[in-house]
Structures are given as C-alpha cells and as structure tokens.
Amino acid sequence: MSLLWECCQIPDFVKKTYGNHYEVISNVFKYLNTKKGKISNDFMRHQLMKLDKLEGNVDSLSNRIANVRTWSYVSNKNNWIENQDYWIEKTKLLEDRLSDRLHEELTKTFIDKRASVLARGLKQDMEFNTKILENNEVMIDNQFIGKINGLKLELDFKKGALETDIKSLKKAARQTVGPELERRIQIIIETGLVEIRDDFKIYWNKSSIAKLVTGKNYLNPNIELLVDDILEQNLRQKLIIFLEKWLKNKIEVVLKSLIDLKNLKEKNSSVKALAYQLYENNGVLKRSQVSEYLKNLEQNERKILRDLGVKFGRYHVFLYRLIKPEPVSLRTLLWKNYHQKYFNLKPPTFGLNFLDDNKFKNNSFMLLCGFEKFNNFYIRIDILERLFVQIINSNSDKGNEIKMTAEMLNLLGCTKENFKKLLKSMEYKILEKDNDIFFRYVPKKSSKKPDKKIQKETPFGILKNLNFS
C-alpha cells in the first residue's frame with residue numbers, strides 16, 4: 001500500500017485529462033511492483049519518443065513539456081528507474097528543447113514585432129514618434145501599442161505575452177505616453193469637467209480616474225486614484241489635491257444646508273442641540289422623536305434654524321433643500337460609501353411622491369431619500385407636509401370633517417383607494433356621504449405620561465444644559 005501511495009504522489013503537470021494521469025500512475029506502479037522493481041529503459045524510451053517532437057502550436061508544445069516534466073519527476077525518484085542518471089539528463093534536455101521551441105512560438109504567435117522593435121530602440125536610446133489618435137489609440141513609430149483610457153494606458157498584448165516584452169512596451173510608453181497623461185491632468189485641472197457616478201468613481205471624458213473610499217465621516221470621503229503607474233508622484237499629488245478640492249466644493253454646494261448646520265456657531269444651547277441632532281440624522285428627524293423638546297423651543301430659536309433651511313413640519317423636522325434630486329443622489333452615495341454596504345439600494349425614481357412597492361425594505365435609507373413609511377406606502381416628506389397644509393386649509397363646513405379632493409390625490413399621485421388606506425394609517429377616520437369622501441383626525445389616546453426625568457437624560461436634555469461658549 002505504501003508503494004501505491006507513493007505512486008499516487010506523482011504530480012499531474014498536464015492537468016487536463018485525468019485518465020492519462022491515472023494511466024501513468026498505473027504503469028509506474030506495475031513496473032515497481034515486479035520482481036525487478038524498476039521501470040525499464042525500453043518503456044522510458046517509448047514514452048519520451050512520443051514527446052520528442054518540435055512541431056505544433058503553443059498548446060501542443062505546452063502539453064508535451066508538461067508530460068516530459070512528469071517523466072522527469074519519475075526519473076529523479078531514487079531506485080525507480082534503470083540507468084537513472086541517463087534518464088534524468090535525457091528528460092532535462094528534452095524539456096529545454098521544447099521550452100525553447102515554445103518561446104519561439106509564443107514570440108511568433110502572440111507577440112508581434114512591435115515589442116522587438118521597441119526593445120531594440122530603447123537599447124539604442126532612440127526617440128520614438130508617438131501619436132495619440134482621436135479614438136485614443138496610441139501609435140509608436142507607426143506601431144499600434146494600445147489605447148489610453150482616461151489616465152491609463154491599456155497595452156495591446158495578448159495571452160502568453162512574455163514579461164520581458166511587456167516591460168519593453170511599458171518602458172517605451174513611459175518615454176512617450178507620459179507627457180500625454182500629464183497634458184490630460186492639466187486639462188482636468190483647468191476645466192474641472194469631472195463627475196461622480198453611482199459606482200463611487202470620478203469620471204473624466206467618460207473614463208474613471210479615481211474612486212471614493214471610506215473617510216473619517218460620510219461627508220468627508222477619501223479619494224483613491226485610478227491612473228497608470230507611468231505617472232510620476234508629483235503629478236499624482238497634483239491630481240489628488242485637485243480632486244479632493246473639487247469633491248469638497250461639490251459637497252459644500254449641493255449639501256450646503258447640511259454643512260451650514262454642521263458649522264453653526266450659534267451659542268444658544270437649544271438651537272445647537274437640535275442642529276446637532278439634525279446633522280447626525282442626515283438632515284431628517286421624525287417629529288415624534290423630538291416632540292417634547294420642540295414644545296419648549298421659542299419662536300426666535302426656530303427662526304435661526306429656519307434661516308438655515310430647517311422646516312418644522314407636522315411629521316418631520318428636516319432640511320427641505322436636501323429632498324431635491326441632486327442632494328438625494330449625493331447624500332445616498334456618500335452614505336453608502338461610508339458604511340461600505342447597502343450598495344444595491346437606490347433612491348426611488350425622482351418625480352414620484354407616492355410609492356406602493358414592497359421592494360423598498362430599508363426604512364432608514366428611504367428616510368435618507370426623503371420618504372416616510374405608512375404601512376406599505378412611502379410618501380415624500382415634503383409632499384406630506386404640503387398635504388397637511390391642504391388639509392388644515394380645507395374650507396369644509398362639516399366641522400372637523402375634511403373633504404377628500406382631486407387636488408389631494410393629484411398632489412400625491414395615488415388612487416382614491418390607496419389614499420383612503422393612507423389616511424387610516426395616519427389616524428384619520430373615513431366617512432362616505434353622498435358619493436363624497438370625508439375624513440376626520442382621531443388620534444389614538446396614550447395613557448402614558450412623559451417621564452420628566454427621562455426627558456432630561458435624552459441627548460436633547462443633555463445638550464441643552466451644555467455650555468457651548
């Protein structure tokens with residue numbers, strides 16, 4: 001059994017046909033299991049004779065080399081073979097011959113004369129005539145070597161390219177394409193025509209040149225360049241400084257109200273406390289979270305926050321400018337980048353105010369997008385406030401009863417049946433009279449009284465008593 005196990009240790013260099021390798025193991029074991037206990041010269045000669053052929057393509061040559069290596073391994077096993085030294089030398093010579101032939105075939109088949117021409121030119125310190133065509137193809141001395149994609153050179157070499165030839169192409173490119181990449185960086189800096197997309201990458205001229213990575217907080221991401229290693233360190237530094245400044249400026253402009261809230265210098269502790277909570281919650285707070293606190297917020301304190309873009313709504317306290325498409329896209333992008341998850345979550349289609357879709361599962365993300373959930377429905381929070389204004393301004397002669405109007409349905413963009421379901425989830429009672437629909441607010445009574453001690457221990461209670469001066 002030990003002999004069979006040892007035979008099974010013969011490596012499968014071919015790694016293509018298991019049956020062939022099993023046959024090798026079987027033949028070796030048969031010879032070693034005879035009285036003589038060794039593989040014969042005739043058998044070895046016959047095996048190598050089948051492999052001693054220099055014609056064929058890359059695959060056939062590679063396959064022969066792999067088979068020769070198997071018999072080289074067998075030859076090197078102590079006491080496995082007759083005339084061991086002879087077969088060790090024989091297998092080595094055959095492998096070398098086949099390897100030389102493979103190199104020639106690779107050079108002929110996969111590496112055209114470009115690499116050789118460039119390599120010779122580099123040795124002779126020749127200057128190359130480089131052209132960057134309109135389609136970004138790179139020509140060196142009328143030889144196509146690849147394409148520039150953004151700030152990366154994509155060399156045109158195929159599978160099987162030899163490392164020495166690849167280095168020659170890269171070295172030639174460094175001398176010639178380097179200045180073109182430097183020129184492009186200067187154009188990027190001068191024009192500032194870059195954009196950030198949902199894949200967290202920054203694009204110039206439809207090609208990615210950098211990507212966002214996690215920073216100290218979600219409004220301050222770090223940037224990692226996606227550029228060719230041809231670029232010198234000083235050019236990389238120049239580009240990264242520009243992109244960091246560009247991104248910071250974009251965040252400060254698009255999310256200005258959130259940044260202003262963060263940088264608020266107000267000494268009033270009540271204002272500071274609410275501003276802090278709003279910033280920590282990405283510009284959206286449910287009113288129920290801060291209802292007791294808002295009762296004690298003076299009108300002059302509210303005005304300070306209103307001037308910063310804070311809206312005190314019936315259901316939410318929020319920065320209304322952040323509900324627009326561009327701020328929503330940027331905030332959610334930065335939020336996902338910082339947390340490094342929720343990558344599959346996308347904001348609802350802009351223009352929709354009412355969603356009846358169970359595919360939205362993450363309520364925190366939806367609130368970040370500006371949508372509040374009521375049972376199976378999501379309503380945009382600014383539209384929800386406009387609906388509430390329509391309700392309280394309704395000219396109804398039915399006392400506390402409000403008539404459902406077409407304007408309400410049009411505002412939300414939902415059906416009458418869905419609107420009725422929504423009203424019920426918002427604690428309104430539905431009444432149908434003379435083919436008209438009325439509703440009345442009937443809030444659920446709460447038997448619990450707020451604990452003043454607990455209120456003082458909330459973040460608002462603690463922040464309100466802090467001295468910010």
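- Within the structure, side-chain hydrogen bond (donor to acceptor under 3.5 Å, both in side chains) pairs that include any residue of residues 251-263 comprise Lys256-Asp260 (at least two apart or interchain).
- Partners of Glu190 according to the side-chain hydrogen bond (donor to acceptor under 3.5 Å, both in side chains) rule, which considers only residues two or more places apart in sequence or in another chain, are Gln186.
- For residues 235-255, no pair satisfies ring-ring contact (aromatic ring centres under 6.0 Å, His included), with sequence neighbours left out.
- Evaluation of the side-chain hydrogen bond (donor to acceptor under 3.5 Å, both in side chains) rule for Ser425 yields no partner, not counting sequence neighbours.
- Listed by chain and number, the residues in a ring-ring contact (aromatic ring centres under 6.0 Å, His included) with Phe439 are Tyr428 (sequence neighbours excluded).
- Take Tyr338 and apply the ring-ring contact (aromatic ring centres under 6.0 Å, His included) test, not counting sequence neighbours, and it matches no residue.
- Taking the salt bridge (charged side-chain N to carboxylate O under 4.0 Å, His left out) definition, one finds that Asp198 meets it with nothing, sequence neighbours left out.
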If you look only at distance, which donor and acceptor atoms sit under 3.5 Å apart when one is on a side chain in residues 278-285 and the other is two or more places apart or in another chain?
residue, atom, partner, partner atom, Å
Asn281, ND2, Gln277, O, 2.8
Asn282, OD1, Tyr218, OH, 3.2

Check residues 342-355 and write down every donor-acceptor pair under 3.5 Å in which the side-chain atom is one partner and the other belongs to a residue at least two apart or another chain.
residue, atom, partner, partner atom, Å
Asn353, ND2, Leu411, O, 3.1

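- For Arg380, the side-chain hydrogen bond (donor to acceptor under 3.5 Å, both in side chains) partners are Asp382, not counting sequence neighbours.
- With sequence neighbours left out, the side-chain contact (heavy atoms from CB on, under 4.5 Å) criterion links Lys295 to Glu292.
- For the side-chain hydrogen bond (donor to acceptor under 3.5 Å, both in side chains) test, no residue two or more places apart in sequence or in another chain qualifies with Asn362.
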